[in-house]
Amino acid sequence: MKMGKVTESIYSGSVVIPLADVQHIEKHNPLGLIVVTKHTRWDADRDMWANNIWIDKAEAPAFVRAWCQYR
């Protein structure tokens with residue numbers, strides 16, 4: 001069975017995220033996800049992402065499902 005294309009390209013939960021802009025998701029924090037988009041920049045002084053999007057643990061499975069389905 002082939003999976004159909006997803007026509008919805010916007011995730012709308014606690015935040016609105018254009019799924020096409022998502023570069024990767026970091027899952028190392030047990031409290032939630034760090035979503036890195038094409039607009040996120042690396043802060044070398046702090047050694048971390050400067051303007052990432054945070055998804056809380058409770059919402060994380062729904063976001064990952066939406067992103068995987070989109071991809």
Side-chain angles (χ1 to χ4, degrees):
M1 181 168 142
K2 274 183 113 174
M3 189 173 185
K5 283 195 168 194
V6 176
T7 57
E8 182 60 51
S9 62
I10 303 292
Y11 174 78
S12 182
S14 62
V15 293
V16 176
I17 303 171
L19 295 173
D21 289 355
V22 176
Q23 298 294 315
H24 71 274
I25 302 168
E26 296 187 359
K27 300 178 180 179
H28 55 79
N29 189 323
L31 300 176
L33 304 174
I34 294 172
V35 179
V36 177
T37 71
K38 68 180 187 178
H39 308 287
T40 306
R41 67 177 177 79
W42 183 254
D43 185 339
D45 293 334
R46 295 177 61 201
D47 196 30
M48 61 189 298
W49 297 110
N51 57 339
N52 60 285
I53 300 169
W54 174 257
I55 302 288
D56 193 68
K57 177 181 167 180
E59 189 177 354
F63 175 77
V64 171
R65 275 193 308 276
W67 188 64
C68 288
Q69 186 177 11
Y70 172 77
R71 289 298 198 190

| said: Are the side chains of Ile34 and Thr40 in contact, using a 4.5 Å heavy-atom criterion? | reply: no
Margin query: A side-chain contact here means heavy atoms from C-beta on lying under 4.5 Å apart; do Asp47 and Trp42 qualify?
Written below: yes
Worksheet item: Step by step, would you call Asn51 with His39 a side chain to side chain donor-acceptor pair (under 3.5 Å)?
Response: CA-CA 8 Å; Asn51 57 339; His39 308 287; over 6 Å; no
What one should report as the nearest heavy-atom pair of Leu19 and Trp67 is O-NE1, 3.8 Å
Shortest non-hydrogen pair, Tyr70 vs Ala20, comes out as OH-CB, 3.2 Å
Trp54 with Val64, same ILVMFWY side-chain cluster at under 4.5 Å: no
Closest non-hydrogen atoms of Ala50 and Asp43, given as atom of the first, atom of the second and distance, are CB-CB, 4.0 Å
Between Ile10 and Pro18 the two heavy atoms that sit nearest each other are CD1-CA, 3.8 Å
Closest heavy-atom pair, Glu59 versus Gly13, reported as atoms and distance to 0.1 Å, is OE2-CA, 3.2 Å
Item to check | Cluster link Val22 to Ile53, ILVMFWY, side chain under 4.5 Å | outcome: yes
Rounded to the nearest 0.5 angstrom, the CD1-CD1 distance for Ile55 and Ile17 is 4.0 Å
Rounded to the nearest 0.5 Å, the CG atom of Asn52 sits from the NE2 atom of His24 at a distance of 9.0 Å
Scanning both residues in full, the closest heavy-atom pair of Glu26 with Trp49 reads OE2-NE1, 2.8 Å
I'd like to know if Val36 and Tyr11 are part of one continuous hydrophobic network [Ile/Leu/Val/Met/Phe/Trp/Tyr, side-chain heavy atoms within less than 4.5 Å]. no
